[in-house]
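No experiment lies behind these values; they were computed from the predicted model shown. For the single chain, residues carry numbers from 1 onward in sequence order.
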Amino acid sequence: MGPDEQLAIGAVAPGFSLPDTEGRIHSLGEPGEAPATVVHWTCNHCPYALAWHDRIAAAAADHDSVRFVAINSNNAERYPRDSPEAMAERWAAEEWPFPYLHDADQAVARAYGARTTPDIFILDADLKLAYRGAPDGDHQDPAQDAAWLREALSAVLAGSEPDTPLTEPVGCSIKWKE
């Protein structure tokens with residue numbers, strides 16, 4: 001996909017195999033392995049991603065049957081704070097209820113059409129995209145508690161489509177390689 005293309009609602013999400021901060025490989029998995037999967041793009045330096053991190057982590061902790069993964073696709077040469085080493089330091093210093101994966105060649109971000117940090121993709125049990133966008137309406141208001149993510153996830157877990165399957169992802173742009 002090009003930078004202006006994105007995975008369509010209802011489309012099957014592309015698979016991936018990416019290393020976490022300790023070198024273990026994680027994949028998207030197979031249909032039916034989880035009732036839902038949340039794939040979200042994040043990084044270490046973006047104030048939007050940092051502001052929403054605790055809300056996304058709380059949603060993950062509240063939904064232990066759902067697979068959550070965080071992916072950092074930023075160009076680590078231009079943004080050393082997003083290097084695998086810096087990712088590992090942050091992951092070890094904080095309590096993350098999901099793995100933090102590194103997309104060094106940015107192929108996964110391109111395959112999904114991810115644009116920002118954060119950028120949330122909720123997949124149903126068949127790995128079809130059910131929601132894409134922001135965690136909630138205001139990164140500066142912790143009381144919103146990732147409401148859009150939670151509402152969409154509740155719908156998917158109930159076997160229905162989210163009332164609002166698409167919101168505009170808000171955050172820092174993914175730092176693409178030249």
K.L.:
Rounded to the nearest 0.5 Å, how far apart are OG of Ser73 and CZ of Arg110?
P.N.:
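So the OG of Ser73 and the CZ of Arg110 are separated by 9.5 Å.
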K.L.:
In terms of heavy-atom contacts, does CD of Glu94 have more than 12 from other residues, nucleotides or ligands at under 6.0 Å?
P.N.:
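More than 12 heavy atoms, drawn from other residues, nucleotides or ligands, come within 6.0 Å of this atom.
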K.L.:
One thing to verify: whether Glu85 and Arg90 come together as a salt bridge, which I'm taking to mean a side-chain N less than 4.0 angstrom from a carboxylate O.
P.N.:
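No.
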K.L.:
Between Trp148 and Tyr131, is a ring pair (Phe, Tyr, Trp, His ring centres under 6.0 Å) present by the stated rule, with each step listed?
P.N.:
CA-CA 9 Å; Trp148 296 348; Tyr131 173 85; 7.6 Å; no
K.L.:
Determine yes or no for a side-chain-to-main-chain donor-acceptor pair under 3.5 angstrom, with Asp124 supplying the side chain and Gly159 the backbone.
P.N.:
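A pair under 3.5 Å: no.
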K.L.:
Checking Asp126 side chain against Lys128 main chain: does a donor-acceptor pair fall under 3.5 Å?
P.N.:
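No; judged by distance alone, with no hydrogens or angles, the pair does not exist.
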K.L.:
Could you check whether any side-chain N or O of Arg78 sits under 3.5 Å from a backbone N or O of Trp176, counting only pairs where one atom can act as donor and the other as acceptor?
P.N.:
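Judged by distance alone, yes, a pair lies under 3.5 Å.
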K.L.:
Between Thr116 (side chain) and Pro118 (backbone), is there a donor-acceptor pair under 3.5 Å?
P.N.:
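Yes, the answer is positive, given that a donor and an acceptor are paired below the 3.5 Å cut-off.
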K.L.:
Hey, what do you get for SG (Cys43) to CZ (Arg81), rounding to the nearest 0.5 Å?
P.N.:
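Between atom SG of Cys43 and atom CZ of Arg81 there are 8.5 Å.
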K.L.:
Would you say that Leu50 contacts Thr42 through its side chain, given a criterion of any heavy-atom pair below 4.5 Å between the two side chains?
P.N.:
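The answer is no, as the side chains (C-beta and beyond) never meet within the 4.5 Å cut-off.
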K.L.:
Do Val12 and Phe16 belong to the same hydrophobic cluster, where Ile, Leu, Val, Met, Phe, Trp and Tyr are linked whenever their side-chain heavy atoms lie under 4.5 Å apart, directly or via other members?
P.N.:
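Not linked; separate clusters.
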K.L.:
Counting only heavy atoms from other residues, nucleotides and ligands, does the tally under 6.0 Å from CD of Glu161 exceed 12?
P.N.:
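Open.
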K.L.:
How far apart are the C-alpha atoms of Leu101 and Trp41, what are their side-chain angles, what is the distance that settles it, and do they pass the side chain to side chain contact (heavy atoms under 4.5 Å, CB included) test?
P.N.:
CA-CA 9 Å; Leu101 311 180; Trp41 270 261; over 6 Å; no
K.L.:
Transitively linked via ILVMFWY side-chain contacts under 4.5 Å: Phe121 with Leu149?
P.N.:
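Different hydrophobic clusters.
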K.L.:
With clusters defined by side-chain heavy atoms of hydrophobic residues (ILVMFWY) lying less than 4.5 Å apart, directly or transitively, does Trp91 cluster with Phe68?
P.N.:
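Yes; tracing contacts between hydrophobic side chains, which count when under 4.5 Å, links both residues.
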K.L.:
Name each donor-acceptor pair under 3.5 Å that joins a side chain in residues 56-63 to protein atoms two or more places apart or in another chain, with its distance.
P.N.:
{"residue": "Asp62", "atom": "OD2", "partner": "Arg150", "partner atom": "NH1", "Å": "2.9"}
{"residue": "Asp62", "atom": "OD2", "partner": "Arg150", "partner atom": "NH2", "Å": "3.0"}
{"residue": "His63", "atom": "ND1", "partner": "Ala59", "partner atom": "O", "Å": "2.8"}

K.L.:
Nearest 0.5 angstrom please: His45 NE2 to Cys172 SG, how far?
P.N.:
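Nearest 0.5 Å value for the NE2-SG distance: 5.0 Å.
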K.L.:
Could you check if a side-chain atom of Pro84 sits within less than 4.5 angstrom of a side-chain atom of Pro19, using non-hydrogen atoms only?
P.N.:
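Result no, sub-4.5 Å side-chain heavy-atom pair not found.
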K.L.:
Less than 4.5 Å apart, any side-chain heavy atom of Leu129 and any of Ile122?
P.N.:
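No, side chains not in contact.
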K.L.:
According to ring pair (Phe, Tyr, Trp, His ring centres under 6.0 Å), who are the partners of His139, at least two apart in sequence or on a separate chain?
P.N.:
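Only Tyr48, Trp52 meet the ring pair (Phe, Tyr, Trp, His ring centres under 6.0 Å) criterion with His139.
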K.L.:
For Asp82 and Asn44, indicate whether the former's side chain and the latter's backbone hold a donor-acceptor pair under 3.5 Å.
P.N.:
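Yes, Asp82 side chain to Asn44 backbone: donor-acceptor pair under 3.5 Å.
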K.L.:
Donor-acceptor check, side chain of Asp103 to backbone of Val108, threshold 3.5 angstrom: yes or no?
P.N.:
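Yes.
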K.L.:
Considering all heavy atoms of both residues, which atom of Val66 and which atom of Ala36 are nearest to each other, and what is their separation?
P.N.:
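In this case the closest contact between Val66 and Ala36 is CG1-O, 3.3 Å.
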K.L.:
Looking at Gln106 and Lys177, would you say the former's side chain and the latter's main chain have a donor-acceptor pair under 3.5 Å?
P.N.:
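Judged by distance alone, yes, a pair lies under 3.5 Å.
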K.L.:
Counting C-beta onward and ignoring hydrogens, is there a side-chain heavy-atom pair between Ile71 and Leu18 closer than 4.5 Å?
P.N.:
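Yes, at least one pair of side-chain atoms sits under 4.5 Å.
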K.L.:
Any side-chain to backbone donor/acceptor pair from Asp119 onto Ala114? Under 3.5 Å, distance only.
P.N.:
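Between the backbone of Ala114 and the side chain of Asp119 there is no qualifying donor-acceptor contact (under 3.5 Å).
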K.L.:
If every non-hydrogen atom of Val156 is compared with every non-hydrogen atom of Pro35, which pair is closest and at what distance?
P.N.:
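Here Val156 and Pro35 meet closest at CG1-O, 4.1 Å.
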K.L.:
Looking at every heavy atom in both Ser173 and Asn74, which two are closest together, and how far apart are they?
P.N.:
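What the structure gives for the nearest pair is O-OD1, 4.3 Å.
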K.L.:
Is there a side-chain contact between Asn72 and Tyr79, using heavy atoms and a 4.5 Å cut-off?
P.N.:
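Counting from C-beta outward, Asn72 and Tyr79 never come under 4.5 Å.
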K.L.:
Nearest heavy-atom pair of Ala130 and Pro165: which atoms, and what distance?
P.N.:
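Of all heavy-atom pairs spanning Ala130 and Pro165, the closest is O-CB, 3.4 Å.
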K.L.:
Do the charged groups of Asp20 and Arg24 touch, with an N to O distance under 4.0 Å?
P.N.:
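Arg24 and Asp20: salt-bridged.
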K.L.:
Is Glu22 atom CD crowded by more than 12 heavy atoms from other residues, nucleotides or ligands, each under 6.0 Å away?
P.N.:
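Yes - once you tally the heavy atoms of other residues, nucleotides and ligands closer than 6.0 Å, there are more than 12.
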K.L.:
Under 3.5 Å, side chain of Ser160 to main-chain N/O of Ala155, donor-acceptor pair present?
P.N.:
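Side chain of Ser160 to backbone of Ala155: a pair is present.
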K.L.:
Measure up the His40 and Phe98 rings against each other and bin them: parallel (under 30°), tilted (30 to 60°), perpendicular (over 60°).
P.N.:
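If you compare the ring of His40 with that of Phe98, the planes turn out perpendicular.
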K.L.:
Quick one: do Leu153 and Leu127 end up in the same hydrophobic cluster if we chain Ile, Leu, Val, Met, Phe, Trp and Tyr together by side-chain heavy atoms under 4.5 Å apart?
P.N.:
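Unlinked, Leu153 and Leu127 end up in two clusters.
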K.L.:
If you define the side chain from C-beta out and look only at heavy atoms, does anything of Leu7 sit under 4.5 Å from Pro14?
P.N.:
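Heavy-atom side-chain distance check passes, below 4.5 Å.
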K.L.:
Nearest heavy-atom pair of Gly171 and Cys46: which atoms, and what distance?
P.N.:
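Looks like C-SG, 4.4 Å.
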K.L.:
So which heavy atom on Arg67 is nearest to which on Gly29, and how close?
P.N.:
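Scanning both residues, the minimum pair turns out to be NH1-CA, 3.9 Å.
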K.L.:
Is Val38 reachable from Leu28 through a run of hydrophobic residues whose side-chain heavy atoms are each under 4.5 Å from the next?
P.N.:
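Hydrophobic grouping puts Leu28 apart from Val38.
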K.L.:
Got a salt bridge between Asp136 and Arg55, using NZ or NE/NH1/NH2 to carboxylate O under 4.0 Å?
P.N.:
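Between Arg55 and Asp136 there is a salt bridge, with a charged N closer than 4.0 Å to a carboxylate O.
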K.L.:
Taking Val170's backbone N and O only, do any of them form a donor-acceptor pair with Arg115's side chain (distance below 3.5 Å, no angle check)?
P.N.:
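The answer is no, because no donor-acceptor pair under 3.5 Å joins these two groups.
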K.L.:
Check the pair Arg132 / Tyr112 against side chain to side chain contact (heavy atoms under 4.5 Å, CB included), numbers first and verdict last.
P.N.:
CA-CA 10 Å; Arg132 190 276 174 94; Tyr112 278 70; over 6 Å; no
